[in-house]
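Bear in mind that the values here come from a model prediction, so they are computed numbers and not experimental data.
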Amino acid sequence: MQTFMTASGLAGWLTGRGREVLLLHGGPGMTDYMASLPELGGYRVASFQQRGVAPSTLNGPFDVPTLRDDVIDVLDTLGWGAPAVIGHSWGGHLLLHVLAVAPSRVGAALVVDPLGVVGDGGYAAFEDELFRRLPVSTVARLKELEALEEKGPLTTAEVLEAMELAWPGFFSSLEMAQPIPQTGHAPSAQSWASIREELPILVQRLRGCTVPIRFVHGDLDPLPVSASTDAAALMGAPVDVVPGNGHFPWLEDPGCVRRSLDMLLRADD
């Protein structure tokens, strides 16, 4: 594995050989977990830690334009013109922002279980479903933390507690849940405010996008499948719905993301 650091202080990792693929992790504000996607043999794969969590810069701002420009900064640092890009969850939504303003920097886009672009992107339905899946005591503590957050920013320990409590609900069942990979958390309130502000603009910018794109979504993800299908309809893109899978489909159906990537790139050739 090789490492790199951008001029703005973003730390990243490179593995493998072959066609270039950049990975964008979810959050916003989470630790990079894309090393859990081990099915990309035969590709030259890069990932990076988004700002706010070590070893990347801890400095903001944390708004969408800055985080979007960070992706371009990584591509420039790597000397990559227009690689394939895989974005997961918030990273998928971030990838859509890159497509909206810098489509020439993306050769092909695979968007996995993203926050959507139509309406609220599926967020309200996601939160309702997540709470429905979790034990009553867990939901009670999450609501306590939400009430604390209304009075002021949570501590890093409280944010990590909330993530750990909610994490099992992201999977197809509580029994399928795997350990959370978090080691830190960036400030994300600014990111979420910026996401909501940018949504109406994003929809308009994505109309007519000609970059090859494909969506993947687990059908048991608490984030509804419509988050992908509505965005895909807007862009005229196919959607691979993975049956029996939650928010991290490659963990419950190993190889499914690779299959979708290969189909996307074959169609692009």
Side-chain angles (χ1 to χ4, degrees), residues 21 23-28 34 37 39 64 68 84-101 103 106-133 166 169-173 176 192 195-196 198-268:
V21 177
L23 307 180
L24 304 179
H25 70 78
M34 297 305 286
L37 179 60
E39 51 198 59
V64 168
R68 180 193 65 212
V85 184
I86 302 175
H88 174 249
S89 193
W90 144 251
H93 190 80
L94 178 59
L95 173 52
L96 295 174
H97 277 281
V98 176
L99 289 174
V101 301
V106 180
L110 187 65
V111 186
V112 184
D113 291 73
L115 178 70
V117 299
V118 177
D120 70 348
Y123 187 80
F126 156 75
E127 190 170 53
D128 288 346
E129 176 61 17
L130 189 69
F131 280 4
R132 188 194 67 78
R133 296 180 181 196
F170 284 77
F171 292 80
S172 61
S173 67
M176 290 296 296
W192 281 111
I195 287 168
R196 289 188 289 269
E198 295 276 342
L199 266 173
I201 309 168
L202 180 59
V203 169
Q204 296 304 318
R205 286 176 170 172
L206 286 173
R207 294 185 189 278
C209 178
T210 59
V211 175
I213 182 168
R214 194 175 191 100
F215 288 77
V216 181
H217 209 107
D219 73 339
L220 296 181
D221 186 347
L223 188 63
V225 174
S226 59
S228 282
T229 55
D230 289 351
L234 179 75
M235 304 178 74
V239 183
D240 300 323
V241 177
V242 187
N245 278 259
H247 192 62
F248 296 85
W250 66 88
L251 295 179
E252 299 190 52
D253 183 10
C256 66
V257 171
R258 172 61 182 262
R259 289 193 296 272
S260 292
L261 178 64
D262 288 347
M263 284 190 287
L264 170 67
L265 297 182
R266 280 198 300 269
D268 182 39

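- A distance of 12.0 Å separates NE2 of His97 from CG of Leu24, quoted to the nearest 0.5 Å.
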The test is side chain to side chain contact (heavy atoms under 4.5 Å, CB included); show your working for Leu99 and Val85 and say whether it passes.
CA-CA 10 Å; Leu99 289 174; Val85 184; over 6 Å; no

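- The main-chain N or O of Pro243 is found under 3.5 Å from a side-chain atom of Asn245 such that the two form a donor-acceptor pair.
- Classification of the His88-Trp250 ring pair by plane angle, with boundaries at 30° and 60°, yields perpendicular.
- For Asp113 (side chain) and Ser89 (main-chain N/O), no donor-acceptor pair under 3.5 Å exists by modelled atom type.
- Without hydrogens or angle criteria, Asp230 side chain to Gly116 main chain gives no donor-acceptor distance under 3.5 Å.
- Taking each heavy atom of Trp90 and Gly26 in turn, the nearest pair found is CD1-C, 3.6 Å.
- For Arg214 (side chain) and Leu265 (main-chain N/O), no donor-acceptor pair under 3.5 Å exists by modelled atom type.
- Once rounded to the nearest 0.5 Å, the distance linking CG of Asp120 with CD1 of Ile195 reads 11.5 Å.
- Of the inter-residue distances, the one linking His217 atom NE2 with Ser260 atom OG reads 13.0 Å to the nearest 0.5 angstrom.
- Closest heavy-atom contact between Val112 and Pro249: CG1-CG, 3.9 Å.
- Glu129 places no side-chain N or O within donor-acceptor distance of the main-chain N or O of Pro224, the cut-off being under 3.5 Å.
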Side chain to side chain contact (heavy atoms under 4.5 Å, CB included), that's the test. Do Leu202 and His93 meet it? Break it down for me.
CA-CA 10 Å; Leu202 180 59; His93 190 80; 3.7 Å; yes

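- Among all heavy-atom pairs drawn from Leu95 and Ile86, the shortest one is CD2-C, 4.4 Å.
- Among all heavy-atom pairs drawn from Ser172 and Gly244, the shortest one is CB-O, 3.5 Å.
- For the pair Ala227 and Pro114, the tightest heavy-atom approach, listed with the atom from each and the gap, is CB-O, 3.5 Å.
- Ring-plane geometry between Phe126 and Tyr123 is classed as tilted, the angle between the planes lying from 30 to 60 degrees on a 0 to 90 degree scale.
- If you take CG on Leu37 and CG on Leu261, they are separated by 9.0 Å, rounding to the nearest 0.5 Å.
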Apply side chain to side chain contact (heavy atoms under 4.5 Å, CB included) to Glu198 and Ile201, showing your working.
CA-CA 5 Å; Glu198 295 276 342; Ile201 309 168; 4.2 Å; yes

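- Using a 4.0 Å cut-off between charged side-chain N and carboxylate O, Asp128 and Arg132 make no salt bridge.
- A distance of 9.5 Å separates CG of Asp262 from CD of Glu39, quoted to the nearest 0.5 Å.
- The two residues Val225 and Asp219 come nearest to each other via the heavy atoms CG2-CA, 3.8 Å.
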List the steps and the verdict of side chain to side chain contact (heavy atoms under 4.5 Å, CB included) for Val111 and Met235.
CA-CA 12 Å; Val111 186; Met235 304 178 74; over 6 Å; no

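- With values rounded to the nearest 0.5 angstrom, Asp221 atom CG is found 9.5 Å from Leu130 atom CG.
- Between the side chain of Glu252 and the backbone N or O of Met176 there is no donor-acceptor pair closer than 3.5 Å.
- Considering only heavy atoms from C-beta on, Met263 comes within 4.5 Å of Asp240 through its side chain.
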